[in-house]
Amino acid sequence: MSISAVYEKVRGIALTEFADVVVHGDLLRLPSGEPVKLRLYLSDSSFIDVNLSATGRYAYHGERRLIGRAHIYRFDNAPHERWRGLATYPAHFHNGMDDNTEPSNVSAEPTEAIRQVISFVRSTLRAESAGGAAGG
C-alpha cells in the first residue's frame, strides 16, 4: 500500500470512528504531490499532526499551544540516544512537554496507532471537561 493510501486510511478512521473528537483532516502535500503529513483538527481547536514514512518511522504530535495550553503530546519512534534507557526504545511518548518522556506502547501499525492515539486524546479532553487535570 502506498504512503498516500495509508494516510487516507488513517484519516478515514479518525473522521468516522472518532467524529466526537476529530472534526476535520487535511493531507498536506509537497508541490510534487508527495504527502508530507496528515493534520487532524480536534473539537477543542487543537490538532494532531501525523507523520508516517515508508521505512516505519512515525510521529503523532498533539499541539495545544494555539488554544492557550502549553502541552504537547507526541508518540514517536525516532531513535534519540537520550531515550535509549526506556523499555520501549526507540518508541517513546512525550507527555505534556518534550523533556517529560515515557515508554510508549503505541502500535507501529498506523491504523491501530491512530486508534490508540485518538483514544488517549479523547480521554484527555473528557478529563479536562470534567474539571480534571490534563494528562501531563
Side-chain angles (χ1 to χ4, degrees):
M1 181 180 304
S2 73
I3 198 73
S4 289
V6 173
Y7 274 120
E8 290 296 346
K9 188 167 182 96
V10 167
R11 178 169 55 179
I13 289 168
L15 292 171
T16 57
E17 295 180 24
F18 297 92
D20 60 315
V21 178
V22 180
V23 296
H24 185 69
D26 286 330
L27 185 53
L28 306 174
R29 297 178 180 272
L30 296 171
S32 67
E34 187 70 24
V36 175
K37 66 181 168 186
L38 172 63
R39 177 162 286 178
L40 300 172
Y41 297 91
L42 305 179
S43 59
D44 72 341
S45 299
S46 67
F47 62 86
I48 299 170
D49 281 341
V50 178
N51 296 280
L52 304 171
S53 78
T55 63
R57 294 267 187 250
Y58 63 80
Y60 301 87
H61 176 84
E63 181 65 56
R64 306 198 74 214
R65 290 176 238 196
L66 296 177
I67 62 166
R69 297 187 184 263
H71 299 106
I72 61 103
Y73 300 100
R74 184 172 57 252
F75 298 87
D76 72 79
N77 67 350
H80 300 296
E81 190 62 32
R82 79 189 281 195
W83 311 128
R84 185 170 288 283
L86 293 174
T88 59
Y89 179 84
H92 55 280
F93 172 51
H94 300 268
N95 190 354
M97 62 180 68
D98 277 328
D99 288 338
N100 187 25
T101 306
E102 304 171 357
S104 170
N105 292 310
V106 164
S107 176
E109 201 283 307
T111 60
E112 183 58 30
I114 199 64
R115 289 179 175 105
Q116 293 170 312
V117 169
I118 300 176
S119 291
F120 167 81
V121 169
R122 179 187 274 155
S123 66
T124 300
L125 294 177
R126 285 181 179 163
E128 286 178 358
S129 68

Q) Which residues pass the ring pair (Phe, Tyr, Trp, His ring centres under 6.0 Å) test with F75, sequence neighbours left out? A) F93, F120
Q: Kindly state each residue pair satisfying salt bridge (charged side-chain N to carboxylate O under 4.0 Å, His left out) with at least one member in residues 85-94, sequence neighbours excluded.
A: none
Q) For R126 and D20, what are the C-alpha separation, side-chain angles and deciding distance, and is it a side chain to side chain contact (heavy atoms under 4.5 Å, CB included)? A) CA-CA 11 Å; R126 285 181 179 163; D20 60 315; 3.8 Å; yes
Q. What pairs with Q116 under side-chain contact (heavy atoms from CB on, under 4.5 Å), at least two apart in sequence or on another chain?
A. V106, S107, E112, A113
Q | Closest approach of P35 to L27 (non-hydrogen atoms, all atoms of both residues) | A | CB-CD1, 4.0 Å
Q | Shortest non-hydrogen contact between T111 and V10, atoms and distance | A | N-CG2, 4.4 Å
(Q) Run the side chain to side chain contact (heavy atoms under 4.5 Å, CB included) test on I13 and I118 for me, step by step, so that the C-alpha distance in whole Å, both residues' side-chain angles and the decisive distance to 0.1 Å come before the verdict. (A) CA-CA 10 Å; I13 289 168; I118 300 176; over 6 Å; no
Q | Any V22 side-chain heavy atom under 4.5 Å of L42 side chain | A | yes
Q: Please list, chain by chain and in numerical order, all residues satisfying side chain to side chain donor-acceptor pair (under 3.5 Å) with R57, sequence neighbours excluded.
A: none
Q. Do I114 and L40 come within less than 4.5 Å of each other through their side chains, counting heavy atoms only?
A. yes
**Q.** ILVMFWY network linking L28 to Y7, side-chain heavy atoms under 4.5 angstrom
**A.** no
**Q.** Contacts of type salt bridge (charged side-chain N to carboxylate O under 4.0 Å, His left out), residue E81, not counting sequence neighbours
**A.** R84
Q: Using side chain to side chain donor-acceptor pair (under 3.5 Å) as the criterion, list what pairs up with D76, not counting sequence neighbours.
A: R74, H92, H94
(Q) Applying side chain to side chain donor-acceptor pair (under 3.5 Å), can you list everything that pairs with E8, at least two apart in sequence or on another chain? (A) R11
Q: May I ask whether M1 and L38 are part of the same hydrophobic cluster, defined by side-chain heavy atoms of I, L, V, M, F, W, Y residues being less than 4.5 angstrom apart, directly or through others?
A: yes
Q. Partners of T16 by side-chain contact (heavy atoms from CB on, under 4.5 Å), sequence neighbours excluded?
A. none
Q) Does P90 reach the side chain of W83, with side-chain heavy atoms less than 4.5 Å apart? A) no
Q: Mind jotting down which residue pairs meet the salt bridge (charged side-chain N to carboxylate O under 4.0 Å, His left out) criterion with at least one end in residues 101-111? Sequence neighbours excluded, please.
A: none
Q | Where Y73 and N95 come nearest, the two heavy atoms and their spacing | A | CE2-OD1, 3.4 Å
Q) Listed by chain and number, what are the side chain to side chain donor-acceptor pair (under 3.5 Å) partners of S53, not counting sequence neighbours? A) T55
Q: If a pair satisfies ring pair (Phe, Tyr, Trp, His ring centres under 6.0 Å) and one of its residues is in residues 11-37, list it, with sequence neighbours excluded.
A: H24-Y41
Q) Considering residues at least two apart in sequence or located in another chain, which fulfil the side-chain contact (heavy atoms from CB on, under 4.5 Å) criterion with S123? A) none
